[in-house]
Amino acid sequence: MPIRRHILAAAALAVAGGLPLAAAAQAAAWPAKPIRMIIPSTPGGGTDFIGRLMSTKLAEVNGWTLVPENRPGAGTALGLAEAARSHPTGYDLVIAQTDNVSLIPLLMKVAYDPVKDLQPVALVATTPMVLIVPDGSPYRTLADIIKAAKAEPNRISYGTSGTGGGVHIAMEMLQHAAGFRMQHIPYKGSAPALADLMGGHLQFAGSSISSAASLMKAGKVRALAVTSPKRNPALPDVPTVAESGYKDFSVVSYYGVMAPAGTPAPVVARLNTDLNRILQMPDVRSALLAQGLEPQPVSPDDFAGLIRTDIAKSRDIIAQAGIKVE
């Protein structure tokens with residue numbers, strides 16, 4: 001019974017390494033049923049795109065069944081809460097991002113601790129925000145709009161997808177770095193903010209590249225800068241904020257896959273290996289880069305380190321700017 005001996009040997013090694021016998025046996029037989037991929041947003045947009053792309057590719061590569069499940073609500077926090085209370089058996093994964101890991105838990109009461117209740121599995125991609133104006137705007141550069149905002153504080157209004165989200169944090173950091181103030185208009189999502197920008201109700205906005213990509217391509221909005229340290233491959237002609245005169249300015253959001261804390265280590269390792277392999281596939285890289293998402297294959301420990309650093313940075317910015325949920 002070679003298969004039986006293999007499973008028993010794997011279990012023995014796992015116990016020797018500190019993994020409980022039950023978890024080792026479970027990991028050896030995993031996956032024996034469909035895996036749920038929780039997507040904490042409505043269909044469409046960057047989070048949904050990543051969740052469905054990773055689910056499809058994991059299924060193709062391994063012959064597994066993955067079931068994407070949209071669980072929007074509470075600014076993408078509801079999906080993470082659902083994952084955090086799931087059994088740590090490797091059958092529940094969730095798409096995590098800067099907002100629901102590094103920001104929302106600092107600003108409102110949520111039913112999970114992103115560090116204690118969730119296990120980083122794989123970092124998928126990072127992306128900057130893009131700072132945009134309506135196509136007919138008189139502001140041709142970031143310097144133009146900053147000059148106008150300094151001349152008349154709080155006259156220019158800017159829109160974001162919500163208070164305390166990654167875009168809001170980026171805009172607060174920009175105002176702090178450049179020494180000006182605008183009026184913040186928060187929306188319930190990027191779509192209404194972009195609609196009001198095109199409708200002339202806002203002079204300025206921040207957005208994820210994926211949310212604004214079609215509008216930029218159609219010439220309805222114009223990009224002034226991106227918030228990453230380097231230019232984004234999807235927008236090679238758009239300068240960075242740092243290039244626009246604010247050295248070392250950098251605000252980059254991340255997307256990744258997490259699992260409930262306590263998920264067996266062999267399962268996490270297998271998923272990390274497979275997801276990192278998927279991120280290096282040419283078709284996957286092209287699909288991500290087209291949406292302004294830069295693939296980032298790293299270890300679970302490296303992803304955990306990024307999360308801890310980002311939470312600390314976000315805590316400082318929130319305190320400096322006095323950001324509160326409205």
Side-chain angles (χ1 to χ4, degrees), residues 98 103 107 127-209 211-213 215-232 235-253 292 313-314 316-326:
T98 300
L103 294 174
L107 291 163
T127 185
M129 268 62 76
V130 59
L131 308 180
I132 52 180
V133 293
D135 185 54
S137 171
Y139 307 119
R140 309 301 301 181
T141 67
L142 183 61
D144 288 343
I145 199 165
I146 289 175
K147 181 180 178 180
K150 285 183 175 181
E152 297 183 76
N154 290 314
R155 181 185 68 82
I156 294 175
S157 58
Y158 76 92
T160 72
S161 55
T163 300
V167 174
H168 185 200
I169 294 295
M171 297 295 276
E172 288 294 335
M173 287 182 67
L174 176 62
Q175 290 176 92
H176 179 75
F180 69 95
R181 293 304 304 173
M182 292 183 176
Q183 183 182 3
H184 177 216
I185 311 294
Y187 290 81
K188 292 182 178 179
S190 59
L194 294 172
D196 269 7
L197 181 72
M198 291 185 293
H201 304 294
L202 298 170
Q203 290 83 49
F204 193 37
S207 172
S208 67
I209 293 176
S211 294
L215 300 178
M216 290 187 286
K217 187 175 181 180
K220 295 181 178 179
V221 300
R222 182 158 26 89
L224 300 184
V226 292
T227 62
S228 49
K230 299 184 298 183
R231 294 194 182 197
N232 188 271
L235 300 171
D237 297 327
V238 178
T240 66
V241 173
E243 285 180 89
S244 302
Y246 302 96
K247 186 180 177 182
D248 300 327
F249 187 93
S250 174
V251 183
V252 178
S253 293
K313 181 179 179 180
S314 297
D316 289 344
I317 294 300
I318 288 168
Q320 288 174 12
I323 298 172
K324 299 184 185 299
V325 174
E326 298 170 8

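The basis for the numbers below is simple: all heavy atoms, side chains too, and nothing from hydrogens, waters or symmetry mates.
At least one side-chain heavy atom of Leu174 sits under 4.5 Å from a side-chain heavy atom of Leu142. Residues Ile145 and Met182 are in side-chain contact: their nearest non-hydrogen atoms beyond the backbone lie under 4.5 Å apart.
Between Ala193 and Tyr187, the closest heavy-atom pair is CB-CD1, 3.5 Å. Taking each heavy atom of Gly206 and Leu131 in turn, the nearest pair found is CA-CD2, 4.2 Å. Summarising the geometry of Ser190 relative to Ser161, their closest heavy-atom pair is N-CB, 3.6 Å, with the distance given to 0.1 Å. Smallest separation of non-hydrogen atoms from Phe249 and Ala170: CZ-O, 3.7 Å. Nearest heavy atoms, Ala225 versus Thr240: CB-C, 4.2 Å. The shortest heavy-atom contact between Asp135 and Arg140 is O-NH1, 4.4 Å.
With sequence neighbours excluded, no residue forms a side chain to side chain donor-acceptor pair (under 3.5 Å) with Asn232. Legend: residues meeting side-chain contact (heavy atoms from CB on, under 4.5 Å) with Pro239, ordered by chain and number and at least two apart, are Arg231, Glu243, Ser244. Take Ser208 and apply the side chain to side chain donor-acceptor pair (under 3.5 Å) test, not counting sequence neighbours, and it matches Ser210, Ser211. Every residue two or more places apart in sequence or in another chain was checked for a side chain to side chain donor-acceptor pair (under 3.5 Å) with Arg222, and none qualifies. A search for side-chain contact (heavy atoms from CB on, under 4.5 Å) contacts involving Lys220 returns Met198, Leu215, Ala218, not counting sequence neighbours. Looking at residues two or more places apart in sequence or on another chain, you find a side-chain contact (heavy atoms from CB on, under 4.5 Å) between Thr98 and Ser102, Leu103, Ser253, Tyr254, Asp310. With sequence neighbours left out, Asp144 forms a side chain to side chain donor-acceptor pair (under 3.5 Å) with Thr141. Shown here are the side-chain contact (heavy atoms from CB on, under 4.5 Å) partners of Ala223, two or more places apart in sequence or in another chain: Val130, Ile132, Met216, Val238.
Within the structure, every pair that satisfies the ring pair (Phe, Tyr, Trp, His ring centres under 6.0 Å) test and touches residues 132-160, not counting sequence neighbours, is listed here: Tyr158-His184. Residue pairs meeting the salt bridge (Lys or Arg N to Asp or Glu O under 4.0 Å) criterion with at least one member in residues 197-208, sequence neighbours excluded, do not occur. Counting only residues at least two apart or in different chains, salt bridge (Lys or Arg N to Asp or Glu O under 4.0 Å) contacts with residues 150-159 comprise Glu152-Arg155. Listed by first and then second residue, the salt bridge (Lys or Arg N to Asp or Glu O under 4.0 Å) pairs that reach into residues 169-187 are Glu172-Arg181, sequence neighbours excluded.
For the atom pair Thr160 OG1 and Ile169 CD1, the distance stands at 10.0 Å (nearest 0.5 Å). A distance of 12.0 Å separates NE2 in His168 from CE in Met129, rounded to the nearest 0.5 Å. Remark: Ile156 CD1 to Leu202 CG distance equals 11.5 Å, nearest 0.5 Å. One distance of note links CD1 of Ile146 with CG of Leu224; it measures 9.5 Å at 0.5 Å rounding.
Using modelled atom types, one side-chain atom of Thr127 and one backbone atom of Gly292 make a donor-acceptor pair closer than 3.5 Å.
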